[in-house]
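Quick note: numbers below take in every heavy atom, side chains included, and nothing from hydrogens, waters or symmetry partners. Because the structure is a prediction, the values reported are computed rather than measured. In each ligand, atom 1 is the first atom listed, and ligand 1 is the first ligand listed.
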Amino acid sequence: MSTLKGKNAVITGSTSGIGLNIAKAFAEKGLNIVINGFGDKDDIEKERQEIEKMGVKAIYHPADMTEPEEIEDLISTANKELGSVDILVNNAGIQFVSPVDEFPIEKWDAIMAINLTSSFHTIRSALPLMRKNGWGRIINMASAHGLVASPYKSAYVAAKHGIVGMTKSIALECAEDNVTVNAICPGYVKTPLVEGQIKDTAKARGISEDEVVRDVLLKAQWTKKFVTTEQVSELALFLCSDAAENITGSHVSIDGGWTSA
Ligand code: NAD
C-alpha cells in the first residue's frame, strides 16, 4: 500500500457514523483531515482534538451540503489551510422513509441536495486541484440502495443510483489524470442514520423495531451481520492506495451478499 502520510483528505458528513470513522482511520495513517457535518460544537471540537492527537492536522468546516457556496468554501479552505486536497470522500447523507404519495417535498429536495448534488459541488471544486497536483482519489459513499431498491425509500434510492452513475461518468473524464473516482456501496451499517431508520420503518410498516432489524434490514444481508464502520474505512483506505490506481468508475459492494441475490 502506498504511503498516504502527509496527504490531505476532506470527508463530508464526518461528525458521526461512517464519516467520523473514516476520518479517524485516515488520521491513523498520517493523513491531515477536514471534518464536516452537523452536531454539538463541543463534541465536534473534542473529536477534532482527538484526531490531532494522532499527530496530524485536523480542521473542522461547518459547510451545509445543501449550500453550494458553503461547499465551495469547504474545498477552498481545505486547499488554503492544508496546501492541497488529495482525497475527497463524499459521505454526507440523510434518509427519510415514506410512501411516495406521502413523501414530503422538502424531504425529497433535501435528500437530493445532500446525498447527490453536494458531491457535484465538492467534485467540481476539488478536481482541478487534484489535476494540478497530478494525483487524487474521490470516494462517493453510495449504498446497496445505489444498486437495488427497497420500498418507501424513493428519494434515497434515486439519489444513490444517481451517485453511482455520476461516479462512472466523472471517472472517465479524469481517467488519464491519476485521479480515481469510485463508489462504495455498503449494506446496513449500524450508525445513527440506521437507528433512525429502524424507528421510521417500524412506523411506516406497522411492525416492531425488532421485526424491522430481523425481517427488513438484515433479511437481505445474507451474512446476518451489520457491516461495521471500521470495515468501510479499510475499504476506503484501500481505494486510496497505489494498488487501487486501476480501480476507477467502480462501485464496490460491502453488503454481506445483499446485492448478489
Ligand atoms: P450518520 O447520520 O451517522 O452521519 C451522517 C453525517 O452527515 C453526519 O456527520 C451529519 O452531520 C452529516 N450531514 C447530514 N446533513 C448534512 C448537511 N446538510 N451538511 C453537512 N453534513 C450533513 O450516517 P451514516 O450512516 O454514517 O451515513 C454516512 C453515509 O453512508 C451516508 O451517505 C449514507 O447514505 C451512507 N450509507 C449508510 C449506510 C448505513 O447503513 N449506515 C448504508 C449505506 C450507505
Worksheet item: Looking at N91, N115, T167, which hits side-chain hydrogen bond (donor to acceptor under 3.5 Å, both in side chains) with N140?
Response: T167
Fill in: 4.5 Å side-chain heavy-atom contact, C174 and V181
yes
Discussion item. Using a 4.0 Å cut-off on heavy atoms, what residues surround ligand 1? Order them by chain and number.
Written reply: G13, S14, T15, S16, G17, I18, N36, G37, F38, A63, D64, M65, N91, A92, G93, I94, I114, M141, A142, S143, Y156, K160, P186, G187, Y188, V189, T191, P192, L193, V194
Response to the item:
Heavy-atom closest pair (G136 atom, M130 atom, distance to 0.1 Å) is CA-SD, 3.8 Å
Worksheet item: Hey, does the Lys NZ or Arg CZ of K219 hover above the aromatic six-ring of W258, less than 6.0 Å from the centre and inside 45° of the axis?
Response: no
Worksheet item: Below 4.0 angstrom, N of the basic side chain to O of the carboxylate: do R48 and E52 qualify?
Response: yes
Item to complete: Please find out if less than 6.0 Å separates the ring center of Y152 from that of F103.
Response: no
